[in-house]
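Note that these values count all heavy atoms, side chains included, but never hydrogens, waters or copies made by symmetry.
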Amino acid sequence: MAKPLMAMVFLLCFFALHSADDSSYRSLEYSILPRGLSDQKSLCSQLVQPAGYPCAEHQIQTKDGFLLGLQRVSSCDGDLEKQKGPPILLLHGLFMGGDAWFLNSARESLGFILADNGFDVWIGNVRGTRWSHGHTSLSEDEKEFWDWSWEELALYDLAGMIDYINSLTKRKLYVVGHSQGTIMSFAALTQPDIAEKVEAAALLSPISYLEHITAPLVRLMVDTHLDTIILAAGFHELNFKSDWGTVLLDDLCDRLVNCINVLSSITGENCCLNGSRFDLFFEYEPHPSSAKNLHHLFQMIRKGTFSRYDYGLLKNLRVYGQRKPPAFDLSRIPKSLPLWMAYGGSDELSDWTDLQHTIKELKSVPELVYLENYGHVDFILSMKAKEDVYDPMIKFLKSLGKSGNLLGSRGYTS
């Protein structure tokens with residue numbers, strides 16, 4: 001009890017001093033997170049093409065006006081205009097972008113491995129991340145720009161990506177998600193108009209329920225209602241590479257939590273990361289997200305629900321016509337839609353108890369891969385992930401025998 005109370009006092013003082021309109025911050029000679037890239041360029045030009053892989057930038061517009069970046073990648077000897085393999089969409093996690101799939105060597109990064117295995121690889125970047133491109137009418141300085149959570153990422157961003165890829169390729173696609181990308185996938189696949197365009201889904205560190213997470217820094221943030229304090233202080237964008245975000249994380253680690261290994265404080269111990277790649281990782285990560293998104297996730301942790309955003313009693317009645325937000329019904333994911341999931345014994349965000357809750361609500365029986373020593377980030381950055389995770393996943397996808405199907409050639413049963 002003493003630590004959460006001390007943390008609450010600290011956070012209130014911090015946000016009183018650093019209001020959303022305050023542009024004066026102390027100079028940082030050292031920070032846990034470097035400030036990141038000064039030259040944005042493009043994901044293709046920075047990470048994919050230098051490795052020798054053809055890459056093209058695409059842009060889509062969501063139904064609510066956000067402009068999202070998609071990248072299309074083929075094998076080194078492939079032709080982006082004449083892709084023969086099945087389309088596959090990669091969805092990154094919270095505070096990450098599509099670059100996460102390319103931060104290991106070409107032999108170890110899933111984006112490259114899938115291209116080498118003949119897939120038509122598409123990289124998704126959700127709204128607010130540095131590889132997406134704003135909004136048709138809103139500025140990133142306006143609070144309305146950040147008025148969204150993972151619910152909109154699932155029902156607008158992911159839906160828009162799937163529609164675009166389907167319309168271009170005329171084929172159903174595979175979806176691969178990590179962390180937040182799995183929350184988006186679970187929610188989106190409960191919608192029949194989205195599910196009918198997906199051939200199968202492979203989910204790394206799958207998350208829908210979050211009640212049993214144990215990551216110390218996250219638990220501290222949840223217990224002190226950091227999300228509520230951030231919103232009350234007038235912050236709508238959550239960017240840990242911004243001035244105030246860097247100061248907050250550094251101060252939390254200086255005063256309240258041991259963050260010598262910042263990743264393990266947030267995700268649990270990772271077994272197999274290449275320490276020589278950490279500088280590159282923190283050059284690109286973390287990406288911005290919205291304070292509302294964090295609030296939605298923390299609502300799930302506190303309430304043990306997998307539901308739409310909770311606005312409170314009165315606004316829930318106006319928005320949903322009921323006192324509580326509607327749940328996403330996982331039993332609506334088609335029984336005939338193949339699911340593959342990989343989870344780790346050291347993952348403190350994707351907990352086995354919560355995953356069991358998810359599995360019990362599904363009509364289908366997913367294929368599971370358990371890796372005892374894997375943490376949350378190992379699934380995208382482990383030096384052994386190709387053998388441990390990606391090869392079994394690719395074997396599963398290729399075994400379906402459906403990858404040549406045209407859009408609409410297979411029905412789903414509920």
So, [X] side chain and [Y] main chain: donor-acceptor pair closer than 3.5 Å or not?
{"X": "Thr190", "Y": "Ala187", "answer": "yes"}
{"X": "Glu152", "Y": "Ser149", "answer": "yes"}
{"X": "Ser132", "Y": "Gly128", "answer": "no"}
{"X": "Ser346", "Y": "Asn270", "answer": "no"}
{"X": "Arg308", "Y": "Pro325", "answer": "no"}
{"X": "Arg332", "Y": "Pro192", "answer": "no"}
{"X": "Asn274", "Y": "Met383", "answer": "no"}
{"X": "Ser290", "Y": "Trp148", "answer": "yes"}
{"X": "His212", "Y": "Leu210", "answer": "no"}

What are the two closest non-hydrogen atoms of [X] and [Y], and how far apart are they?
{"X": "Leu337", "Y": "Leu189", "result": "CD2-CD1, 3.7 Å"}
{"X": "Leu204", "Y": "Thr182", "result": "O-CG2, 3.5 Å"}
{"X": "Gly97", "Y": "Glu285", "result": "N-OE1, 3.6 Å"}
{"X": "Ala188", "Y": "Ala154", "result": "CB-O, 3.8 Å"}
{"X": "Val121", "Y": "Ala115", "result": "CG2-N, 3.5 Å"}
{"X": "Leu381", "Y": "Asn104", "result": "O-ND2, 2.9 Å"}

Show your reasoning for whether side-chain contact (heavy atoms from CB on, under 4.5 Å) applies to Trp122 and Met161. CA-CA 9 Å; Trp122 291 83; Met161 294 174 192; over 6 Å; no

Rounded to the nearest 0.5 Å, what separation is found between the [atom1] atom of [X] and the [atom2] atom of [Y]?
{"X": "Arg130", "Y": "Asn239", "atom1": "CZ", "atom2": "CG", "value": "7.0 Å"}
{"X": "Asp116", "Y": "Ile394", "atom1": "CG", "atom2": "CD1", "value": "9.0 Å"}
{"X": "Tyr343", "Y": "Ser350", "atom1": "OH", "atom2": "OG", "value": "9.5 Å"}
{"X": "Lys384", "Y": "Asn373", "atom1": "NZ", "atom2": "CG", "value": "6.0 Å"}
{"X": "Ile60", "Y": "Asp157", "atom1": "CD1", "atom2": "CG", "value": "7.0 Å"}
{"X": "Gln49", "Y": "Lys41", "atom1": "CD", "atom2": "NZ", "value": "11.0 Å"}

Quick check: do [X] and [Y] have side-chain heavy atoms less than 4.5 Å from each other?
{"X": "Leu47", "Y": "Leu103", "result": "yes"}
{"X": "Met393", "Y": "Leu114", "result": "yes"}
{"X": "Arg127", "Y": "Asp64", "result": "yes"}
{"X": "Arg302", "Y": "His225", "result": "yes"}
{"X": "Leu238", "Y": "Asn293", "result": "no"}
{"X": "Asp99", "Y": "His287", "result": "yes"}
{"X": "Arg72", "Y": "Leu168", "result": "yes"}
{"X": "Val126", "Y": "His92", "result": "yes"}

Could you tell me whether the side chains of Asn125 and Gln71 share a donor-acceptor contact shorter than 3.5 Å?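 Their side chains do contain a donor-acceptor pair, which is all the 3.5 Å distance test asks for.
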
Distance-only polar pair, side chains of His376 and Thr267, donor-acceptor under 3.5 Å: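 The criterion, which ignores hydrogens and geometry beyond distance, is not satisfied for Thr267 and His376.
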
Show the numbers, then the answer: is there a salt bridge (charged side-chain N to carboxylate O under 4.0 Å, His left out) between Asp120 and Arg171? CA-CA 11 Å; Asp120 180 7; Arg171 302 171 80 169; over 6 Å; no

[X]-[Y] aromatic ring centre distance below 6.0 Å:
{"X": "Trp101", "Y": "Tyr284", "answer": "no"}
{"X": "His135", "Y": "Phe66", "answer": "yes"}
{"X": "Phe328", "Y": "Phe186", "answer": "no"}
{"X": "His357", "Y": "Tyr209", "answer": "yes"}

Does Gln322 CD have over 12 foreign heavy atoms under 6.0 Å away?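 Yes, the 6.0 Å shell around CD holds more than 12 heavy atoms from other groups.
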
Just distance, no hydrogens or angles: give the donor-acceptor pairs under 3.5 Å from side chains in residues 140-147, sequence neighbours left out.
from	atom 1	to	atom 2	distance (Å)
Glu142	OE2	Ser139	N	2.7
Trp146	NE1	Glu140	O	2.9
Asp147	OD1	Lys292	NZ	3.0

Does Lys386 form a salt bridge (charged side-chain N to carboxylate O under 4.0 Å, His left out) with Asp391? I'd like the steps, not just the answer. CA-CA 6 Å; Lys386 182 182 185 299; Asp391 286 349; 3.1 Å; yes

Specify whether Phe119 and Tyr174 have parallel, tilted or perpendicular ring planes, treating 30° as the upper limit for parallel and 60° as the lower limit for perpendicular.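 Perpendicular: the ring planes of Phe119 and Tyr174 meet at over 60°.
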
Residue among Tyr309, Tyr156, Phe306 satisfying ring-ring contact (aromatic ring centres under 6.0 Å, His included) with Trp150: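 For Trp150, the ring-ring contact (aromatic ring centres under 6.0 Å, His included) check succeeds only for Phe306.
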
Salt bridge (charged side-chain N to carboxylate O under 4.0 Å, His left out) between Asp163 and Lys63: does it pass, once the steps are laid out? CA-CA 11 Å; Asp163 282 346; Lys63 291 180 179 179; 5.5 Å; no

Residue pair Leu349, Val218: steps toward the side-chain contact (heavy atoms from CB on, under 4.5 Å) verdict: CA-CA 9 Å; Leu349 294 178; Val218 178; 4.1 Å; yes

Criterion side-chain contact (heavy atoms from CB on, under 4.5 Å) on Thr358 and Leu330, from CA distance to verdict: CA-CA 7 Å; Thr358 299; Leu330 290 168; 3.8 Å; yes

Kindly determine whether Ser179 and Ile207 satisfy side-chain contact (heavy atoms from CB on, under 4.5 Å), including the steps that lead there. CA-CA 6 Å; Ser179 190; Ile207 292 172; 3.9 Å; yes

Option passing side-chain contact (heavy atoms from CB on, under 4.5 Å) with Phe102 (candidates Ile123, Ile380, Leu90):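 With Phe102 as partner, Ile123, Ile380, Leu90 yield a single side-chain contact (heavy atoms from CB on, under 4.5 Å), made by Ile123.
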
